[in-house]
Every structure is written in C-alpha cells, then in structure tokens.
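Everything numeric here is computed off the predicted structure, so don't read it as measured data.
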Amino acid sequence: MNSRDGFLPDEVIIQVLARLPVKSLFRAKTVCKLWYKLSSDKYFVQLYNEVATKNSMVLVEVSDSPELKSSLICADNLRGVSELSLDFLKDRVKVRASCNGLLCCSSIPDKGVYYVCNPMTREFRLLPRSRERPVTRFYPDGEATLVGLGCNLSVQKFNVVLAGYHRTFGHRPDGTFICTVFDSETNKWRKFVSFQDDRFTLMNRNQVVFVHGSLHWLTSGCSYILSLDLNCDVWRKISLPDEVIYRAGNRAHLLELDGCLSVIQISEAWMKIWAMKDYESEQWHLEDRVSLRCIRGMVPGIFPISQTREYVFLATYKQVLVYQRKSRVWKEMYSVKNSSPLPLWFSAHAFRTSIFLCN
C-alpha cells in the first residue's frame with residue numbers, strides 16, 4: 001500500500017485499526033473513504049478477526065430480579081470492564097450461547113423465538129421458527145437441553161443448534177434425541193433424530209465450544225465430551241484425559257484454547273489446563289499446573305469461563321477473576337455490588353469481538 005508524505009503507510013494504519021474495539025472502529029469509518037470501506041474489505045475483516053481471537057473475554061448477565069431486563073457486563077483483560085446492552089432486540093432475552101463475537105439469545109416471554117446478534121455492532125437476525133409440530137416438544141420443560149452456536153468467521157456463516165429429548169403430547173419420553181440445525185446461508189432449519197442417553201449439568205450446557213467445525217459439550221459426571229459435526233450432522237463421543245476421568249474430587253470444565261479443545265481440571269489445591277493437540281487421535285497434553293493456595297477459600301465456588309495462553313477468566317458467585325499465567329498473579333476484574341438472585345457463573349459466557357454481519 002502507498003505511503004504519503006507526513007503520514008504513516010496505509011498498511012501500518014490498517015494494523016493499528018485492526019486492534020481497535022469494534023465500536024471505535026465503526027465510529028472511525030467517518031474519517032475517510034479508505035476507513036469507511038474497511039469493514040467490508042475481506043483482507044481487513046480477516047486480519048481483524050485473527051487479532052481478536054487472541055483476546056478472549058467474559059460476558060456475564062446481571063439482574064436485580066428475574067422479572068427485570070438484565071444488563072451485560074463485559075470483562076476484558078486489555079480494556080477493563082464495560083457494560084453492553086441488547087436493547088436493540090426490543091425483547092427480554094437470555095443469552096444461550098456465544099461464539100466468535102456472536103450471541104444466540106432466546107426470548108423469555110415468547111418461547112421458541114431466537115435471535116443471533118453481534119452486540120458490538122448491534123446487528124441481529126431474528127431466526128425463523130422451526131417447523132417442529134406443536135404436538136411434540138422438548139422434555140421436560142419445553143426448552144432445548146442443548147443450545148449451540150457455531151460461527152465460521154472465514155466464510156461469514158453461522159449455525160444454531162437446538163437439541164434435546166422430545167416427547168409426544170400425552171406420552172412418556174422414549175429416549176428420542178431430536179436435533180434441529182439452523183443454517184444462516186439457507187435461512188432454514190434441518191432436523192435429524194438419534195438416540196442418546198446423555199445428561200448435562202447447567203454449567204456443562206452453558207460451556208459449549210466450537211472448534212474443527214463441530215460443537216462440543218461436556219457430559220454430566222465428566223464421562224466424555226459429546227460432539228456434533230455440523231458438516232455431516234453426526235454425533236461423536238470424545239474421551240477426556242485419564243486423570244480427569246478417574247481422579248476423585250475433581251471438577252472439569254470445557255473451554256477453547258487457540259482453536260483447540262481444552263479442559264480445565266480443578267481440585268482442592270490445583271488447577272490443571274489440558275489441551276487436545278491431535279483432534280482425530282484425541283491426544284491430550286497438560287499445558288499448565290496452577291496452585292490454588294492463595295484463593296483456597298474460593299475454590300469450591302470458582303468456575304473457569306474463558307482463556308488464552310496469557311490468562312484465564314474465572315467466575316464465582318459475585319466476582320469475575322483473571323489469572324495471569326506468566327506472572328502467576330490473581331486479580332479481581334468485576335464484583336457485584338448488590339445482592340444478585342443468581343451466581344455470576346450461572347450466566348457467564350466466553351466472548352470475543354469480531355466483524356460479522358448478522359443480517
């Protein structure tokens with residue numbers, strides 16, 4: 001790119017702009033024609049999203065009561081804490097899944113209504129209702145057991161997955177596991193049926209990870225990881241590290257680390273970070289071993305939410321903490337000032353910014 005007298009080369013400017021928050025970037029579009037075109041330039045969008053993947057954050061929903069609209073708190077290791085709003089959806093919603101800068105939200109007053117939005121650009125898409133017949137519904141409470149969002153930034157495409165045990169009205173559930181998948185390219189849902197016998201805790205359901213074109217959930221009791229390949233609609237069971245499965249008194253949480261599946265194992269004294277180095281052969285590698293001695297009293301109620309090579313975000317009942325892996329330092333990023341009806345980890349999601357046009 002060209003360099004003009006008295007100005008930085010365009011390439012340098014682009015590298016700087018690629019490190020701005022999305023909100024600041026879109027405000028900067030009014031400066032000149034070059035900057036205005038950047039958000040639709042394929043090279044810049046790819047560069048921006050590559051940079052953004054290295055800065056994982058945490059989103060938590062905070063509300064004084066279940067009847068009121070919640071606010072979104074974003075904890076960013078680089079820029080601190082800020083508040084986001086989903087008021088542009090003009091609905092009372094709950095965040096169900098997060099992936100590569102997009103959120104999947106379900107309407108609270110109107111069951112079966114889902115949105116996919118980019119909270120930074122305030123763009124959204126209202127998903128068409130699934131054609132699932134009303135005589136069948138998700139068991140036991142009408143809500144999908146699993147809600148997943150897979151966002152492929154390289155092709156600007158996303159999928160939403162609703163999966164769970166169904167029962168016909170007036171009949172007992174028979175183990176039928178129905179999965180509906182929304183495709184943003186076709187704007188349609190597809191459905192397939194399988195038979196599963198898997199159980200998931202609330203935390204397992206929240207921590208869905210999208211890597212290798214598949215969505216992943218950790219099953220209850222840390223038995224294995226259940227994976228759905230979005231390219232061929234096939235379920236797969238992935239083994240955990242032996243130490244995670246067979247060591248009593250451990251908790252395990254599923255996260256992503258540099259595009260790889262990762263499991264964080266927590267015991268009374270240690271936090272161990274595992275990463276899957278070979279996805280096909282399911283080979284795990286121990287990345288780090290962290291002493292929990294200095295936060296010993298918080299260990300029973302601490303939950304890892306997101307991570308990078310440099311830090312790990314964790315949530316407790318009222319706090320969001322960050323652990324700096326190089327300096328081995330713990331820091332409080334956010335704390336609820338008033339009494340909250342639900343713990344922060346109950347509604348915490350990994351998050352990162354991206355340029356993705358939802359509509």
Side-chain angles (χ1 to χ4, degrees), residues 49 52-60 95-104 116 144-154 157-163 179 181 198-231 233-241 244-245 251-266 271-280 282-285 287-288 303-309 311-315 345 347-354 356:
N49 290 336
T53 58
K54 300 175 183 177
N55 183 34
S56 187
M57 297 173 273
V58 167
L59 279 186
V60 290
V95 177
R96 302 299 303 272
S98 169
C99 183
N100 288 334
L102 299 186
L103 302 178
C104 177
V116 171
T145 303
L146 303 178
V147 178
L149 173 63
C151 172
N152 189 328
L153 292 175
S154 62
K157 170 187 174 180
F158 68 83
N159 295 102
V160 173
V161 170
L162 307 179
C179 182
V181 182
D198 306 301
R199 295 292 178 267
F200 306 89
T201 66
L202 178 65
M203 199 65 192
N204 293 157
R205 291 162 65 176
N206 277 354
Q207 291 189 307
V208 51
V209 174
F210 177 67
V211 295
H212 297 285
S214 301
L215 289 167
H216 304 79
W217 292 266
L218 186 62
T219 57
S220 180
C222 303
S223 305
Y224 50 84
I225 296 167
L226 186 66
S227 165
L228 174 62
D229 189 327
L230 294 174
N231 295 313
D233 293 343
V234 172
W235 292 101
R236 167 188 172 190
K237 293 181 179 180
I238 298 176
S239 301
L240 292 165
V244 175
I245 299 174
R251 288 188 288 120
H253 302 274
L254 188 65
L255 282 79
E256 179 259 349
L257 180 62
D258 284 355
C260 298
L261 274 181
S262 176
V263 170
I264 293 188
Q265 173 189 4
I266 293 182
M271 177 172 73
K272 296 181 180 180
I273 301 174
W274 300 83
M276 181 173 279
K277 290 301 184 182
D278 191 313
Y279 187 73
E280 295 304 322
E282 301 181 10
Q283 292 182 5
W284 292 93
H285 178 259
E287 296 282 329
D288 203 355
F303 296 83
I305 306 298
S306 70
Q307 64 175 334
T308 69
R309 294 284 175 189
Y311 54 87
V312 181
F313 272 118
L314 306 98
W345 56 259
S347 59
H349 298 270
F351 182 71
R352 58 170 59 103
T353 60
S354 71
F356 191 104

Q: Output yes when a side-chain donor or acceptor of Ser306 lies under 3.5 Å from a complementary backbone atom of Met57, and no otherwise.
A: yes
Q.
Using 0.5 Å steps for rounding, measure from the OG1 atom of Thr219 to the CD1 atom of Ile225.
A. 8.5 Å
Q | Nearest-0.5 Å distance, CG of residue Asp258 to OG1 of residue Thr308 | A | 7.5 Å
**Q.** Sequence neighbours excluded - salt bridge (charged side-chain N to carboxylate O under 4.0 Å, His left out) pairs with any residue from residues 221-230
**A.** none
Q. When rounded to the nearest 0.5 angstrom, what is the spacing between CD in Gln283 and CE in Met276?
A. 9.0 Å
Q.
Rounded to the nearest 0.5 Å, what separates atom CG in Asp278 from atom NE2 in His285?
A. 13.0 Å
Q.
Looking only at side-chain N and O atoms, does Arg352 offer a donor or acceptor that is under 3.5 Å from a partner on Asn55?
A. no
Q: Run the numbers on Val208 and Leu149 for side chain to side chain contact (heavy atoms under 4.5 Å, CB included), then give the verdict.
A: CA-CA 8 Å; Val208 51; Leu149 173 63; over 6 Å; no
Q: Answer yes or no: is there an ion pair linking Lys277 with Glu287, defined by an N-O contact shorter than 4.0 Å?
A: yes
(Q) Taking Gly101's backbone N and O only, do any of them form a donor-acceptor pair with Thr353's side chain (distance below 3.5 Å, no angle check)? (A) no
Q.
Between Trp217 and Gly148 (side chain of the first, backbone of the second, donor and acceptor by atom type, cut-off under 3.5 Å), is there such a pair?
A. no
Q) Taking side chain as C-beta onward, heavy atoms only, is Leu240 less than 4.5 Å from Leu218? A) yes
Q) Looking at Glu256 and Val211, what are the two nearest heavy atoms and their distance? A) CG-CG1, 3.7 Å
Q) Does the Asn100 side chain pair with the main chain of Cys151, one donor and one acceptor, at a distance under 3.5 Å? A) yes
Q | Under 3.5 Å donor-acceptor, His253 side chain and Arg251 backbone | A | no
Q. Between His349 and Asn206, which heavy-atom pair has the shortest distance, and what is it?
A. ND1-O, 4.1 Å
Q) If you round to the nearest 0.5 Å, how far is CG of Leu257 from OG of Ser56? A) 9.5 Å
Q.
Can you give me the closest heavy-atom contact between Val147 and Ala97, atom names plus distance?
A. O-CB, 3.9 Å
Q.
Walk me through whether Leu103 and Phe351 qualify under side chain to side chain contact (heavy atoms under 4.5 Å, CB included).
A. CA-CA 9 Å; Leu103 302 178; Phe351 182 71; 4.0 Å; yes
Q | Nearest atoms (heavy-atom pairs only) where Val312 meets Pro304 | A | CG1-CB, 4.4 Å
Q: Work out which heavy atom in Leu230 is nearest to a heavy atom in Gly150; give both atom names and the distance.
A: CD1-CA, 4.5 Å
**Q.** Beyond-backbone contact of Ile266 with Phe303, side-chain heavy atoms, under 4.5 angstrom
**A.** no
**Q.** Option among Tyr279, Trp235, Phe210, Tyr224 that satisfies the ring-ring contact (aromatic ring centres under 6.0 Å, His included) test with His216
**A.** Tyr279
Q) Could you state the interatomic distance from CZ (Arg96) to CG (Leu146), rounded to the nearest 0.5 Å? A) 9.5 Å
Q. Looking only at heavy atoms, which two atoms of Leu254 and Gln207 are closest? And how far apart?
A. O-CB, 3.6 Å
Q) So do the side chains of Ser347 and Val95 get within less than 4.5 Å of each other, counting heavy atoms only? A) no
**Q.** Criterion side chain to side chain contact (heavy atoms under 4.5 Å, CB included) on Trp284 and Leu261, from CA distance to verdict
**A.** CA-CA 9 Å; Trp284 292 93; Leu261 274 181; 4.2 Å; yes
Q: Keeping the roles fixed (side chain from Ser98, backbone from Ala350), state whether a donor-acceptor pair exists under 3.5 Å.
A: yes
**Q.** Any side-chain heavy-atom pair of Leu215 and Asn159 under 4.5 Å
**A.** no
